[in-house]
Number of protein chains: 2
Amino acid sequence: MDEPTTTRTPGRERLLAAASRLFYREGINGVGVDRILEEAGVTRATMYRHFAGKEALVAAYLESEDATLRGYFADAEAEGGTPTELLGRVIDTIAIDITSYHTRGCPFINAAAEFPDADSPVRRIVTAHRTWFRQALAELARAAGLPDPDAAAASLVLLRDAALVGGYLDGVEVTAPAFVATARQVAGLDV
Amino acid sequence: MDEPTTTRTPGRERLLAAASRLFYREGINGVGVDRILEEAGVTRATMYRHFAGKEALVAAYLESEDATLRGYFADAEAEGGTPTELLGRVIDTIAIDITSYHTRGCPFINAAAEFPDADSPVRRIVTAHRTWFRQALAELARAAGLPDPDAAAASLVLLRDAALVGGYLDGVEVTAPAFVATARQVAGLDV
DNA sequence: CAGCAGGTAGAACGATCGTTCTACGATATC
DNA sequence: GATATCGTAGAACGATCGTTCTACCTGCTG
């Protein structure tokens with residue numbers, strides 16, 4: 001019958017790509033559905049066939065960001081090496097990410113700024129992403145033998161947030177070195 | 001019947017207070033002028049007499065936040081003590097701030113998430129605030145004799161951002177201790 | 001008391017918001 | 001080749017956006 005429908009619906013993909021780009025660059029409440037449709041080269045009916053509404057589009061955007069980051073993490077783990085090396089590689093990857101890709105801050109933080117209701121679907125995705133990231137870091141810190149892995153993970157989450165925000169508002173040339181230096185200190189990589 | 005001049009224009013003050021509360025709690029694009037007017041108990045004409053438009057109201061909101069934070073800093077300096085003590089007091093003040101007042105993230109970061117144009121008046125206020133804060137911290141770090149005061153200041157700005165965001169999204173009970181511990185480490189207060 | 005500002009009130013503006021509607025075209029199955 | 005299905009097209013909906021308008025009321029100054 002039907003094989004995987006990954007390329008079956010180009011409309012949906014173009015829609016999600018355009019929405020992701022616009023939501024990230026201009027804020028969620030700042031872009032209307034019309035802008036997204038125009039950018040995607042698609043009409044209203046197509047969008048409402050693939051997504052329940054604008055909020056579902058926002059959710060899909062954040063879900064795909066989450067999937068991308070989990071992919072980064074899995075790739076880093078697949079490369080092997082000691083947990084300590086892996087920790088250093090995660091820090092470097094974040095520095096590259098804020099330099100090249102996420103130059104407009106953190107998608108999740110920015111989204112949360114516009115969605116005050118903590119029970120909303122959007123905020124639930126943000127919370128789930130952050131919980132996963134902190135736990136993944138805590139496991140890594142534990143494997144690396146850090147004295148207080150949970151505290152170290154909390155600090156590293158803190159630092160990634162700050163690096164993303166700072167790269168946007170202060171310029172990456174100021175923020176990235178400060179992030180790497182502080183993070184390596186927290187991770188016990190530099191004594 | 002003459003009251004002090006501070007209450008001479010209660011309309012403007014009530015307007016700014018209501019706008020600040022709503023902008024911070026629900027996001028800027030998320031609240032309409034109607035909501036602000038209703039909350040302030042004021043009508044449209046009154047608002048447009050005191051402010052050029054909604055964006056001017058946003059600017060006034062951020063300016064007042066900036067003034068408040070500069071006030072905190074000045075108060076801490078006025079208390080006297082060594083630069084090192086002052087540095088520690090600034091860190092403690094931030095921890096108290098994210099615990100008690102700024103529980104919905106950083107007003108400036110949240111605003112920047114909704115204003116993509118770096119040349120816009122709103123973003124200029126954000127930039128000015130951050131520049132001031134980093135320079136003030138750098139002076140303090142220099143006075144405290146830290147080896148690389150500019151780097152330390154950059155890290156501390158990073159950490160305050162993260163603490164504000166983390167307090168909102170992860171809960172202050174997780175974030176505040178992580179912030180204090182990391183910041184004291186960066187500031188050379190704990191060896 | 002007359003006159004005049006400045007704050008207030010509420011209606012109304014055009015534009016845009018997110019959403020729903022019906023009609024049309026392409027594709028795949030029987 | 002007829003038919004059912006799904007994506008597409010574009011108009012239209014009510015609601016809300018930020019802003020402007022005219023009329024009214026108040027408290028000063030002469």
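All values derive from a computational prediction rather than experimental measurement. Within every chain, numbering begins at 1; the chains are lettered A, B, ... in the order of the sequence lines, protein sequences first and strands thereafter.
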Using 4.0 Å as the upper bound for N to carboxylate O, is an ion pair formed by B/Asp66 and B/Arg70?
yes
Does C/dT8 have OP1 or OP2 sitting under 4.0 Å from an N or O in the side chain of B/Thr43?
no
Round to a whole Å and report the spacing from CZ of A/Phe23 to C1' of C/dC17.
13 Å
Taking atom CZ of B/Arg25 as the centre, does the number of heavy atoms from other residues, nucleotides or ligands within less than 6.0 Å exceed 12?
no
Calculate the interatomic distance between B/Glu114 atom CD and D/dC17 atom P; express it in whole Å.
14 Å
Value in whole Å for how far the P atom of D/dC21 lies from CE of B/Met47:
15 Å
Figure out the CG/P separation between B/Leu15 and C/dG7, and round it to whole Å.
13 Å
Nearest-nucleotide pick for B/Ala45, side chain only, options being C/dA9, D/dG18, C/dC21
C/dA9
5' precedence on DNA chain C between A/Arg49 and A/Val33 (nearest-nucleotide basis):
A/Val33
Write down the distance between CG (B/Asp34) and P (C/dC13), rounded to a whole number of angstrom.
16 Å
Measure from CG on B/Leu37 to P on D/dT20 and round the result to the nearest Å.
14 Å
Answer yes when B/Asp161 and B/Arg130 have at least one side-chain N-carboxylate O distance shorter than 4.0 Å, and no when they do not.
yes
Indicate yes or no: does B/Arg134 engage B/Asp150 in a salt bridge with an N to O separation below 4.0 Å.
no
Among D/dC21, D/dT8, C/dG18, the one nearest any side-chain atom of A/His50 is D/dT8
If I take atom OH in residue B/Tyr48 and atom P in nucleotide C/dA12, what distance separates them, rounded to the nearest angstrom?
18 Å
Euclidean distance, atom CD of residue A/Glu38 to atom P of D/dA9 [Å, nearest integer]:
14 Å
